[in-house]
Amino acid sequence: MTAFRLPTNLSEFAAGGREPQLTEWAATLPAVVPELVERWELTVAEPYEPGGQCSWVAPATTADGDPVVLKVGYLHTEAEHEAEGLRFWDGDGAVRVYAAVTFGDTSALLLERAQPGTLLARSVPPLEQDVVLAGLLRRLWRRPPAGHPFRTLASMCEYWARDFEERAGAAPARYDRGLLREGVALYRELPLTSDDDVLLCTDLHPENIVAAVREPWLVIDPKPYVGDRTYDATQHMFNMDRLMADPGALSDRMAGLLDLDPKRLRLWLFARCVQECPEWDGLYDVAVRLAP
């Protein structure tokens, strides 16, 4: 491989020092990546730009000439079962995983390379993105078998609810504390009232969907949890300007595309807006408009 370098987003995030453990992990990559290249007998090109904040990802070619992707990630909580999720879906709507290994703070994956790999976010207008994403989610939502390794959505929501309570004191004084309490209470309660739990992506949006030849579009970078499928519609809505313009109409549109209860989706969207609002400018006002 050529001289090692970090992609822009990972380099900047590591240099910022907000997560010291990730900064230390990034410093090990110049040694770790060549070891993985040798282990899997790869020829590796330059990493994708600007890349993500927690992983080093590059196109590669196997000794047999097959195009693949090498993903070397910081083993953070949300991405713990990425390989297991991709194995469960087995290429049906998502990229395939060919090999995986974890050691220390590192998770390394050898993945199918979707070609041309253009992001959905840069390929079609926003309303068409909604349709593509909804079609993929409906295919991915399946019940995992008994004995599966995946954690529950309830456990994830409890973690972020506790995190919110630590941050809520820093919220602006104009934020109604009763509304904040109602939102975080719903955030805890909603995952416990689902009667049809399935495997979720939890982080699906148009920059995690790429164009391919095997299928028109494939999902990448899932963060699998098992729980209420209604939650899975929310991340996409957080990645668009329409959330600020008319959150109710956007929520109802996605509920229709996904055959979800529109009232339940609005509750989830309200709860997520509250949970995110201390650091995400504008979400409190969206939460006010969605409040039950």
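- Counting heavy atoms of neighbouring residues, nucleotides and ligands inside a 6.0 Å radius, atom CD of Glu279 exceeds 12 of them.
- Contact check on Arg113 versus Asp66 returns no salt bridge, with no Lys/Arg side-chain nitrogen under 4.0 Å from an Asp/Glu carboxylate oxygen.
- Taking the six-membered ring where the residue is Trp, Phe4 and Trp56 present parallel rings, their angle staying beneath 30° rather than reaching 60°.
- Ionic pairing of Glu158 and Arg162 is present here: one or more N-O contacts between side-chain nitrogen and carboxylate oxygen are shorter than 4.0 angstrom.
- When the side chains of ILVMFWY residues are joined at heavy-atom separations under 4.5 Å, either directly or via intervening members, Val33 and Val57 end up in two distinct hydrophobic clusters.
- At most 12 heavy atoms of other shown residues, nucleotides or ligands fall within 6.0 angstrom of atom CD in Glu41.
- Note on ring orientation: taking the six-membered ring where Trp is involved, the planes of Tyr284 and Tyr175 are parallel (angle under 30°, cut-offs 30° and 60°).
- Under a hydrophobic clustering in which Ile, Leu, Val, Met, Phe, Trp and Tyr are joined whenever their side-chain heavy atoms come within less than 4.5 Å, directly or via other members, Leu186 and Leu200 fall into the same cluster.
- Under the 3.5 Å distance criterion, with hydrogens and angles disregarded, no donor-acceptor pair is assigned to the side chains of Arg151 and Thr77.
- Side-chain heavy atoms closer than 4.5 Å link hydrophobic residues (I, L, V, M, F, W, Y) into clusters, and following such links, possibly through other members, connects Val226 to Val219.
- Summarising the geometry, atom CG belonging to Asp221 is positioned 6.5 Å from atom OG belonging to Ser55; distances are rounded to the nearest 0.5 Å.
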Item to complete: Decide yes or no on salt bridge (charged side-chain N to carboxylate O under 4.0 Å, His left out) for Arg174 and Asp285, but give the supporting numbers first.
Response: CA-CA 11 Å; Arg174 73 179 183 91; Asp285 296 317; 3.2 Å; yes

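- Within 6.0 Å of CD on Glu165 lie more than 12 heavy atoms contributed by other residues, nucleotides or ligands.
- Enclosure of atom CG in Asp281 is not indicated, since only 12 or fewer non-hydrogen atoms of other residues, nucleotides or ligands lie within 6.0 angstrom.
- With respect to Asp232 and Arg138, no salt bridge is recorded, no charged nitrogen being found less than 4.0 Å from a carboxylate O.
- When only modelled atom types and interatomic distance are considered, Thr230 and Asp228 share a side-chain donor-acceptor pair under 3.5 Å.
- The aromatic ring centres of Tyr98 and Trp40 sit 6.0 Å or more apart.
- At a threshold of 4.5 Å between side-chain heavy atoms, the hydrophobic network of Ile, Leu, Val, Met, Phe, Trp and Tyr places Val32 and Leu109 in two separate groups.
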